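Working notes, beginning with the structure itself.
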Amino acid sequence: MRLPRPVVLGNWKMNGLVDDARALVGAVKARAGDAPTGTLGVFPPATLIERAREWVAGAPIFVGAQDCHHAPKGAYTGDLAAPMLAEAGAQAVICGHSERRQYHFEDDATVRAKADAGLGAGLKVVVCIGETEDEYLAGKTLERLDAQLAGSLPEGSTAGDVVVAYEPVWAIGTGRTPTDQEIEAAHGHIRARLVERFAEGGDIAILYGGSVKPSNAKAILATSNVDGALVGGASLDADDFWAIYEAGLGASG
Ligand code: PGA
């Protein structure tokens, strides 16, 4: 099932207390009107998932979690299992964000186990991949992406249940982005790998993430095989988040 484009997702990271979050969701909801279902998503901290579902009621905005544990339950103090997140109202989960890979030492096998857990709980999964600055400077971007794709994506991924987010680690929160040509090359490479491996590989959405903002969104979202954006900092401002979505309307690669 090919999703309409653009797919624009807001990763709030560890930001959001009730009052600000309600206002932010309300401001996005006020604009979301007739956006196609599945194209707009917000990923608040887990503490706000249940409320966020209430706030988006009646609007074409889905709500996701930023991480899940790979086990369905057990002795893992402080962790949250995918079925718990689903029960709280999550409809999707991000797996393998570079901040999880970096600060929580998640490797590809862990990310894949988490993605499998998310799918098992009925969640759409957003699997993040991307090279570090050292790998980028050494010209190893595509090699790194190959390893992450092979190691992190669930078997049998379909366009309805898996989204891939390409996020160069060095572009996240830095204001720096690859050139349009570099983004095109990376996304074209990811597309080829998806097509090789999955029956629906041609339709799986590939999002770009890393310092997407209103001023660069149009060029990025018009790039071939860029089906949308995973937005961090700019997703905390409803005007910016919406401007990015609008930039993608009619511009999707
Ligand atoms: P950024 O974050 O938009 O703030 O660079 C993107 C992300 O981490 O998903």
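Model, not experiment: these values are computed from the prediction.
One side chain, W170 or E131, offers a donor N or O that lies under 3.5 Å from an acceptor on the other.
Within a 6.0 Å sphere centred on NZ of K13, heavy atoms belonging to other residues, nucleotides or ligands number more than 12. Residue E182 qualifies as enclosed at atom CD: its count of foreign heavy atoms under 6.0 Å is above 12.
Put simply, the side chain of R5 gets close to the backbone of L3: a donor and an acceptor are under 3.5 Å apart. One N or O on the side chain of R197 and one on the backbone of L153 form a donor-acceptor pair closer than 3.5 Å. When atom types are taken as modelled, the side chain of Q66 and the backbone of N11 share no donor-acceptor pair closer than 3.5 angstrom. Listed for the R191 side chain is no donor-acceptor partner under 3.5 Å among the backbone atoms of V226. D161 contributes a side-chain N or O that, together with a main-chain N or O of T158, makes up a donor-acceptor pair within less than 3.5 Å. Remark: side-chain polar atoms of D237 are not paired, donor with acceptor, to backbone N or O of A234 under 3.5 angstrom. Of the possible donor and acceptor atoms, none in the side chain of S152 sits under 3.5 Å from a partner among the backbone N and O of L149. A distance-only check finds a donor-acceptor pair linking the side chain of R101 to the backbone of C128 [under 3.5 Å]. Put simply, the side chain of Q91 gets close to the backbone of V63: a donor and an acceptor are under 3.5 Å apart. Side-chain atoms of S211 come within 3.5 Å of backbone atoms of A171 as a donor-acceptor pair (strictly under, hydrogens ignored).
We find the CG-NZ distance between L249 and K218 to be 9.5 Å, quoted to the nearest 0.5 Å. I129 CD1 to S98 OG: the interatomic distance, rounded to the nearest 0.5 Å, is 12.0 Å. Of the inter-residue distances, the one linking L221 atom CG with E246 atom CD reads 12.0 Å to the nearest 0.5 angstrom. For the atom pair CZ of R53 and CG of L48, the computed distance is 14.5 Å after rounding to the nearest 0.5 Å. Here the straight-line distance linking atom CG of L9 with atom CZ of F43 works out to 5.0 Å at 0.5 Å rounding.
Ring pair H187/Y208 is tilted by interplanar angle, where 30° to 60° counts as tilted.
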**Prompt:** For D67 and E106, what are the C-alpha separation, side-chain angles and deciding distance, and is it a side-chain contact (heavy atoms from CB on, under 4.5 Å)?
**Reply:** CA-CA 11 Å; D67 176 49; E106 293 184 6; 3.8 Å; yes
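Minimum interatomic distance between A71 and A81 (heavy atoms only, all atoms of both residues): O-CB, 3.4 Å.
Taking a cutoff of 4.0 Å between a charged side-chain nitrogen and a carboxylate oxygen, R112 and E155 qualify as a salt bridge. We find that E54 and R51 are not joined by a salt bridge, their nearest charged nitrogen and carboxylate oxygen being 4.0 Å or further apart.
If you chain together hydrophobic residues whose side chains sit under 4.5 Å apart, V169 and Y136 never meet in one group.
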